[in-house]
2 protein chains.
Amino acid sequence: MKNDNVVSGIPDIVIGRLPVYLRALTHLAESGKMNTSSHELGRRLGISSAQIRKDLSHFGEFGKQGTGYNISYLIDQLLQILKLDQEWPVAIVGAGFLGHALAHYQGFKHRGFVMRWVFDIDESKVGDEMDGMVVQHLSDLPLVAEREGIKMAIIAVPVNAAQNVADRLVACNINAILNYAPINLSVPPNVHIQYSDPVVQMQHMTYYLS
Amino acid sequence: MKNDNVVSGIPDIVIGRLPVYLRALTHLAESGKMNTSSHELGRRLGISSAQIRKDLSHFGEFGKQGTGYNISYLIDQLLQILKLDQEWPVAIVGAGFLGHALAHYQGFKHRGFVMRWVFDIDESKVGDEMDGMVVQHLSDLPLVAEREGIKMAIIAVPVNAAQNVADRLVACNINAILNYAPINLSVPPNVHIQYSDPVVQMQHMTYYLS
DNA sequence: TAGATTGTTAATCGATTAACAATC
DNA sequence: TAGATTGTTAATCGATTAACAATC
């Protein structure tokens with residue numbers, strides 16, 4: 001559940017906030033603003049200005065006293081820090097409703113990712129077209145992954161298949177996985193996982209409901 | 001970004017782990033196990049046994065020295081704590097690919113939720129059938145929300161519509177929102193929000209990629 | 001100049017872990 | 001009984017915040 005990266009020395013919780021800063025800065029830029037301050041950004045995100053300055057200070061000095069931050073410059077810096085100055089091709093595993101929604105989602109554009117491959121184990125789906133991709137059989141994953149150097153994948157399969165899929169991904173040297181199946185996966189320590197389970201998130205909120 | 005609930009006094013970070021414990025316990029139960037220990041559960045989840053015991057101790061004593069926890073009893077207790085001893089009907093806003101995937105998702109079953117309403121602003125979608133639900137116009141939300149007492153909703157609309165939808169939901173006294181749009185929403189302090197943005201999660205992982 | 005805001009230090013706050021008596 | 005494991009306390013660890021000199 002923890003994911004502190006000892007190598008970089010920067011707390012994982014800080015890394016996790018950078019994409020949120022980046023997203024807010026992009027919205028500010030789109031609204032035509034040129035500059036912002038840690039106070040303004042903090043107000044928008046509901047966090048303290050001190051935390052934003054402290055987080056950024058792990059990576060360098062990006063602001064100016066008196067005037068704050070130049071938005072497009074700070075965006076560029078965050079893109080570099082997060083290795084988003086390149087586009088990452090991603091494999092989707094699972095050609096069901098969720099896989100389809102992900103393949104069709106326009107929100108990856110200009111944010112560092114492009115869905116490039118779709119795999120499924122269901123023979124009847126293999127060969128189908130899905131948003132410009134052709135569904136490939138999961139047994140072709142090793143070949144394709146090696147040839148294309150796939151680094152990131154999204155698990156969008158039923159819960160009972162998820163661990164098996166994770167094992168296959170890991171075997172192909174894919175070491176960043178976004179998992180939508182409602183299960184805690186077991187993977188080697190060098191593999192990074194992010195979890196997204198709507199039920200877990202909804203259950204978190206019901207605690208506070210009357 | 002923070003969400004500490006001062007009323008209950010129990011740290012929000014603890015509440016957030018309970019659904020994960022619940023999920024793992026359910027898997028253990030399904031595999032036929034009757035009992036478990038904080039060590040076994042911790043090993044599965046990659047967290048310390050001490051943390052599990054400490055988290056649970058906020059709510060009572062659920063184990064037995066020497067033998068650990070009876071799984072089905074602990075599940076029942078967690079269900080009660082998280083107010084999941086009832087089924088929560090949920091409104092989906094947005095009848096696009098994501099809304100469709102959520103409406104069709106079987107994973108809500110037996111975990112406390114049932115998707116019961118779908119709203120959209122697109123006239124051409126209103127009236128369509130979606131997994132047993134009929135898409136209603138968003139302008140009907142106030143009426144339906146009051147009549148049915150809707151408490152929870154999922155935002156599955158494009159980013160530029162999300163804040164407006166959030167405002168409408170809040171105006172209808174819906175105070176638990178799962179937001180899939182890639183934007184930080186502004187809502188009153190009594191409204192609970194969970195965020196799910198695949199891009200933010202992917203960007204978190206790219207930091208660690210070579 | 002006066003006002004604003006940074007980056008950083010030290011203090012505070014809170015979360016995690018280690019240790020162990022109690023006891024099944 | 002011996003071994004295992006809980007619930008809890010105190011210690012440790014880490015994250016957040018307050019404060020402020022520097023300076024645009």
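Quick note on labels: first sequence line is chain A, next is B, and so on, each numbered from 1.
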Give the nucleotide from the list D:dA15, D:dT5, C:dT6 with an atom nearest to the side chain of A:H39.
-> C:dT6
Given B:L141, B:V157, B:I177, B:V118, the one that forms side-chain contact (heavy atoms from CB on, under 4.5 Å) with B:V93 = B:V157
Salt bridge (Lys or Arg N to Asp or Glu O under 4.0 Å) contacts touching residues 29-48 of chain A (sequence neighbours left out) | A:K33-A:E40
Describe the nucleic acid contact of B:S49 in one word from base, sugar-phosphate, nothing, applying a heavy-atom distance below 4.0 Å.
-> nothing
Can you pull the salt bridge (Lys or Arg N to Asp or Glu O under 4.0 Å) pairs that have at least one residue in residues 53-68 of chain B, sequence neighbours excluded?
-> B:R17-B:D55
Partners of A:N173 by side-chain hydrogen bond (donor to acceptor under 3.5 Å, both in side chains), sequence neighbours excluded?
-> none
For B:D12 and A:H204, test the side chains for any donor-to-acceptor distance below 3.5 angstrom and give the result as yes or no.
-> yes
Classify the angle between the aromatic ring planes of A:F108 and A:F113 as parallel (below 30°), tilted (30 to 60°) or perpendicular (above 60°).
-> perpendicular
Dot-bracket for DNA chain C, 5' to 3', Watson-Crick and G-U pairs with both distances under 3.5 Å, [ ] for crossing pairs, | for partner on another strand, reads ..||||||||||||||||||||||
Members of residues 55-69 of chain A that approach DNA chain C, where some heavy atom sits under 4.0 Å away | A:S57, A:E61, A:F62, A:G63, A:K64, A:Q65, A:G66, A:T67, A:G68, A:Y69
From C:dT17, D:dT16, D:dC20, nucleotide with atom closest to B:A50 side chain = C:dT17
Would you indicate which nucleotide in D:dT16, D:dT6, C:dT17 comes nearest to any side-chain atom of A:Q51?
-> D:dT16
Residues that A:N175 engages under side-chain contact (heavy atoms from CB on, under 4.5 Å), provided they are two or more places apart = A:K151, A:V191, B:L209
Between A:Y73 (OH) and C:dT6 (C1'), how many Å, whole number?
-> 14 Å
Contacts satisfying side chain to side chain donor-acceptor pair (under 3.5 Å) that involve residues 154-171 of chain B (not counting sequence neighbours) are B:Q163-B:D167, B:N164-B:R168
Round to a whole Å and report the spacing from CZ of B:R53 to P of D:dA4.
-> 15 Å
Can you pull the side chain to side chain donor-acceptor pair (under 3.5 Å) pairs that have at least one residue in residues 98-120 of chain B, sequence neighbours excluded?
-> A:D197-B:R111, B:Q106-B:K109
Give the rounded distance in Å between these two atoms: CD of B:Q77 and C1' of D:dG7.
-> 16 Å
In chain order, what residues pass the side-chain hydrogen bond (donor to acceptor under 3.5 Å, both in side chains) check against B:S196, with sequence neighbours excluded?
-> A:S196
Roughly, in whole Å, what's the span from CD in B:E40 to C1' in D:dA4?
-> 14 Å
Taking OP1 and OP2 of C:dT5, is either one under 4.0 Å from a side-chain nitrogen or oxygen of A:S38?
-> no
Could you list the residues that satisfy side-chain hydrogen bond (donor to acceptor under 3.5 Å, both in side chains) with B:D131, not counting sequence neighbours?
-> none
B:I13 CD1 to D:dA15 P: how many Å, rounded?
-> 11 Å
Think A:R17 has a side-chain N or O under 4.0 angstrom from the OP1 or OP2 of D:dT16?
-> yes
Separation of atom CD1 in B:I52 from atom C1' in C:dT17, rounded to whole Å | 13 Å
Using atom CG of B:L74 as one end and atom C1' of D:dT5 as the other, report the distance to the nearest whole Å.
-> 14 Å
Nucleotide D:dA10, atom C1' - distance to NZ of B:K54 in whole Å | 10 Å
What are the residues of residues 29-36 of chain B, sorted by number, that bring a heavy atom to within less than 4.0 Å of DNA chain D?
-> none
Please identify each residue that fulfils side-chain contact (heavy atoms from CB on, under 4.5 Å) with A:D140, with sequence neighbours left out.
-> A:H137, A:V144
